[in-house]
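I have placed the structure first, in the form of structure tokens, so that the comments after it can refer back to it.
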Amino acid sequence: MQVVVLVKSIPDPSGEAKLGPDFLVIREGDGVLDPGDEYAVEAALTLAEASGGEVAVVSMGPANAASAIRRALAMGAHRATHISDEALRGADALATAKVLAAAVRRSPFDLVLAGVESTDGYTGTLPMTVAEMLGVPSATFARKVEVTAGVARVERQTEAGYDVVECALPALVTVTASAAEPRFPTLKGIMSARSKPLEQLALADLGLSPAEVAPTQRVVAVEATAEKGPGEVIQAGDDDAARIADLLAEAKVI
Amino acid sequence: MAKVWVFTEVSADGTPAPSALELLTKARSLGDAEAVALGPGATASAAALGAHGASTVHASDDPVFTDHLSQPAAHALHALVERHRPNLILFASTHDSRDVAGRLQARTGSALMSNATDVVSPDLARTAIAGGSQLVDVALEGPVPRLILVRPKSFAAEPSGGTAAMVPVDVEIPEELRRARRLERHEETASGPKLEEARVVVAGGRGLQDAQNFALLHELAAALGNAAVGASRAVVDAGWIAYSHQVGQTGKTVKPEVYLAFGISGALQHVVGMKGAKRIVAINKDPDAPIFRLADLGVVGDALQVLPALIAEVKARRV
Ligand SMILES: Cc1cc2nc3c(=O)[nH]c(=O)nc-3n(C[C@H](O)[C@H](O)[C@H](O)COP(=O)(O)OP(=O)(O)OC[C@H]3O[C@@H](n4cnc5c(N)ncnc54)[C@H](O)[C@@H]3O)c2cc1C
Ligand SMILES: Nc1ncnc2c1ncn2[C@@H]1O[C@H](COP(=O)(O)O)[C@@H](O)[C@H]1O
């Protein structure tokens, strides 16, 4: 089974996100593999191992996305495609979906996995846009994915519980944190990642023009909201239960 | 006048999702509001949708829309878009609607904005970032309809007293769009009020130390009577409590009278789901926990000691 994982490189989440004067996120330093996408990589590796297949990762991002891609390779992915182009700076979800769909289409695939939403952008719609462009069925919010005889069986988290969904391959599935426990790259994995195929592509290699990836949405203003000042803080033991109960009574809920 | 559509989820008994009524209330202030409802119960929902401002309801009761994920709905919605050319479609940020919006975008090439908290005009929407400390205005350009996913409870639903014309949706769904099938539905039946509707939410995070300690939260909720149990993602991921209790970015949005956070740090992604609460009480042993910045009352200390004392106090006051 050929599994493709869409992985995003994000600015180190332990740092503070900053916006530049053009309202775009400043992406300095090495990117990290989005923790949400690590679950997708893990799920892909598990499925490919069971079927004797391979895992390819596809990522669109600036040059510093390379470290995130290498992490996916170090975890065990077999090869990677990195799409990077000056014309993609500030690309929105639609443009990103066009690029990723075009990159995925270049090789045969059985299953595309992605995260439910990215840690920095959290639009959460991009994988579905890719699925529609690829013309494949999909299941989102998978907390469990199994594949038997060309059919993916997914436990899909819902607002009230979960659904069981079946989907003929080829298909696209987005996975939650419950779907897999990401493995830690071994030293051997890190070493071998260096010699795995990493294909670098520009927009033109995908047959796309800059006009086709022009953003359709633009941040035009950013404004700080009035911060509600902190309220009263007491130490536990200072009648805490009575004070909380007073507040509940004031709110007329007891 | 702008034609503003609301993509509406309905339950089989004809009850529209509360978020649809919120969105219709907003839609009618932006232009001529219409609703699209697909799946069993759609036709029966027309009265309620009309009463909240939909002049027309495009409805189909065909179970294909609930038996198969996203593709049939996106296909039918796209056909309706081609026929009626709305300027804007509002969706609630639910799992199903999000999927339909993402697919529709591939077909129409329109701007799709996620996580909106306000819609200023058919081509300008707002979102809150950094846990609500900054508001961002986003201009939507390119082909219509513009597509916006709105966070639940961004608007209050208000009846308009109107009635809607019902237009049946007659779009053929090709066999190849029926490949993802929903085989089973499992719903947890929780006792007490629903999390989104409860007047009090008692929520727990990693600071509760152990899955077993959530029993204390359930006990407090039961003592209060009108309360539901919420949770941070950290404890949901750890398997301490089901996902349906998660509050935040990827979970539910709640606006109770009182939100009590026990051992929750107050990460941005949690805060977006609960900062609309009227009153916030935080119990955390770390005096620098970010949650204290939005708490009306903060208690610095061990949640596991405060909880039993509070349960006893509430029980004493309620007799
Ligand atoms: C894309 C994305 C989406 C996300 N969506 C959500 C979401 O929907 N909801 C959500 O909640 N999170 C979400 N998160 C995760 C979020 O960033 C935090 O990791 C999470 O909210 C932390 O949960 P917590 O507060 O329980 O745990 P922690 O951050 O570990 O905090 C535990 C707190 O408990 C306190 N504590 C410890 N012991 C005690 C004690 N005995 N008594 C009192 N206090 C104690 C500690 O001081 C600490 O402040 C999301 C993250 C990402 C990247
Ligand atoms: N630039 C990108 N390159 C590769 N995959 C991406 C990119 N952006 C988003 N994705 C995938 O889409 C998922 C959802 O992202 P988002 O729509 O940004 O919330 C992520 O978890 C990734 O799997």
Side-chain angles (χ1 to χ4, degrees), chain A residues 92-94 97 116-117 122-129 131-133 137-141 157-168 171 177-178 216-225 227-228 230-237 240-245 247-249 251-254, chain B residues 69-71 94-95 98-99 101-103 105-107 111-114 132-142 179-188 199-200 224 226 237 243-244 249 257-258 278-279 281 292-302 305-306 309-310 313-314 317-318:
Chain A
D92 61 14
L94 178 60
V116 163
E117 59 191 356
Y122 52 89
T123 60
T125 54
L126 180 136
M128 293 303 280
T129 312
E132 183 69 20
M133 289 171 173
S138 55
T140 49
F141 279 94
Q157 223 157 53
T158 64
E159 283 86 353
Y162 73 98
D163 290 349
V164 175
V165 174
E166 266 188 13
C167 195
S178 312
T216 53
Q217 44 184 310
R218 233 165 9 98
V219 174
V220 291
V222 177
E223 176 195 325
T225 50
E227 282 263 351
K228 168 169 135 185
E232 195 189 350
V233 177
I234 60 172
Q235 298 300 316
D240 48 72
R243 294 292 311 278
I244 298 172
L247 181 140
L248 292 166
K252 302 196 171 59
V253 293
I254 51 170
Chain B
L69 301 183
S70 69
Q71 283 178 296
T94 63
H95 297 193
R98 196 158 111 155
D99 290 356
R103 283 191 178 270
Q105 182 188 38
R107 293 186 175 212
L112 164 56
M113 176 174 167
S114 293
S133 65
Q134 288 188 312
L135 290 178
V136 173
D137 283 341
V138 178
L140 306 177
E141 292 156 357
R179 278 180 290 167
R181 290 189 305 139
R182 199 176 244 138
L183 299 181
E184 298 166 21
R185 279 177 192 271
H186 299 263
E187 302 203 345
E188 285 133 22
R199 296 187 69 217
V200 185
L224 285 160
N226 42 19
D237 285 354
Y243 167 74
S244 55
Q249 162 67 32
E257 295 293 319
V258 186
K278 279 235 179 71
R279 292 176 172 81
V281 180
F292 284 130
R293 279 186 239 144
L294 49 154
D296 300 274
L297 176 63
V299 179
V300 179
D302 186 349
Q305 285 180 355
V306 176
L310 183 58
E313 182 76 20
V314 168
R317 294 207 195 186
R318 291 201 76 210

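Just so we're on the same page: letters track the sequence lines, and every chain starts at 1.
Highest contact tally toward chain A, considering only B/Leu183, B/Asp137, B/Asp237, is held by B/Asp137 [criterion: heavy-atom pairs under 4.5 Å]. Ranked by heavy-atom pairs shorter than 4.5 Å toward chain B, the options A/Gly124, A/Ser178, A/Ala177 are led by A/Gly124. Between chain B and the options A/Asp163, A/Thr125, A/Ile244, A/Val233, the largest number of non-hydrogen pairs under 4.5 Å is found for A/Asp163. No other option in B/Ala101, B/Ala139, B/Ser70, B/Gly301 has as many heavy-atom pairs under 4.5 Å with chain A as B/Ala139. In terms of heavy-atom pairs under 4.5 Å with chain B, the best-connected choice from A/Ala97, A/Pro127, A/Ala245, A/Ala93 is A/Ala245. Taking chain A as the reference chain and counting heavy-atom pairs below 4.5 Å, the highest number among B/Val281, B/Val314, B/Leu112, B/Leu140 is found for B/Leu112. When A/Arg243, A/Glu159, A/Gln235 are compared by the number of non-hydrogen pairs under 4.5 Å with chain B, A/Glu159 comes out ahead. Each of A/Asp92, A/Thr129, A/Leu126 has some count of heavy-atom pairs under 4.5 Å with chain B, and the biggest count is that of A/Thr129. Among A/Ala139, A/Ala168, A/Ala221, the residue with the largest count of heavy-atom pairs under 4.5 Å with chain B is A/Ala221.
Note: A/Phe141 and B/His95 have parallel aromatic rings, judged against thresholds of 30 and 60 degrees for the angle between ring planes.
Using a 4.5 Å cut-off between heavy atoms, B/Arg279 contacts chain A through its side chain alone, with no backbone atom that close. Using a 4.5 Å cut-off between heavy atoms, B/Ala309 touches chain A through backbone and side chain atoms alike. Of the two parts of B/Glu313, only the side chain, counted from C-beta on, holds a non-hydrogen atom closer than 4.5 Å to a non-hydrogen atom of chain A. Interface residue B/Leu69: only side-chain heavy atoms are found under 4.5 Å from chain A. Both the backbone and the side chain of B/Val299 come within less than 4.5 Å of a heavy atom of chain A. Both the backbone and the side chain of B/Asp99 come within contact range of chain A, with heavy atoms under 4.5 Å apart. For chain A, the nearby part of B/Arg317 is the side chain; its heavy atoms alone come within less than 4.5 Å.
The shortest non-hydrogen separation linking A/Met133 to B/Ala106 is CG-CB, 3.8 Å. Residue B/Gln134 comes nearest to A/Thr225 through the heavy atom pair N-OG1, 4.1 Å, listed as atom of the first residue, atom of the second, then distance. A/Cys167 and B/Ala180 make their closest contact through SG-CB, 3.9 Å (heavy atoms, listed as atom of the first residue, atom of the second, distance).
With sequence neighbours left out, the side chain to side chain contact (heavy atoms under 4.5 Å, CB included) criterion links B/Gln71 to A/Pro137, B/Arg103, B/Leu177. Taking the side chain to side chain contact (heavy atoms under 4.5 Å, CB included) definition, one finds that B/Asn226 meets it with A/Val253, B/Arg199, B/Val200, B/Leu224, sequence neighbours left out.
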Note to self: Is there a side-chain contact (heavy atoms from CB on, under 4.5 Å) between A/Val164 and B/His186? Walk through the geometry before answering.
What the structure shows: CA-CA 8 Å; A/Val164 175; B/His186 299 263; 4.1 Å; yes

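Side-chain contact between A/Val116 and B/Arg98 is present, with heavy atoms from C-beta onward closer than 4.5 Å. For the pair B/Glu257/A/Lys252, no side-chain contact is recorded, criterion being any heavy-atom separation below 4.5 Å from C-beta on.
Taken to the nearest 0.5 Å, the CD1 atom of A/Ile234 stands 5.0 Å off from the CG atom of B/Leu297.
By the 6.0 Å contact criterion, CZ on A/Arg218 is open, its count of non-hydrogen atoms from other residues, nucleotides or ligands being 12 or less.
In this structure, A/Glu132 pairs ionically with B/Arg107, as a charged nitrogen and a carboxylate oxygen lie closer than 4.0 Å.
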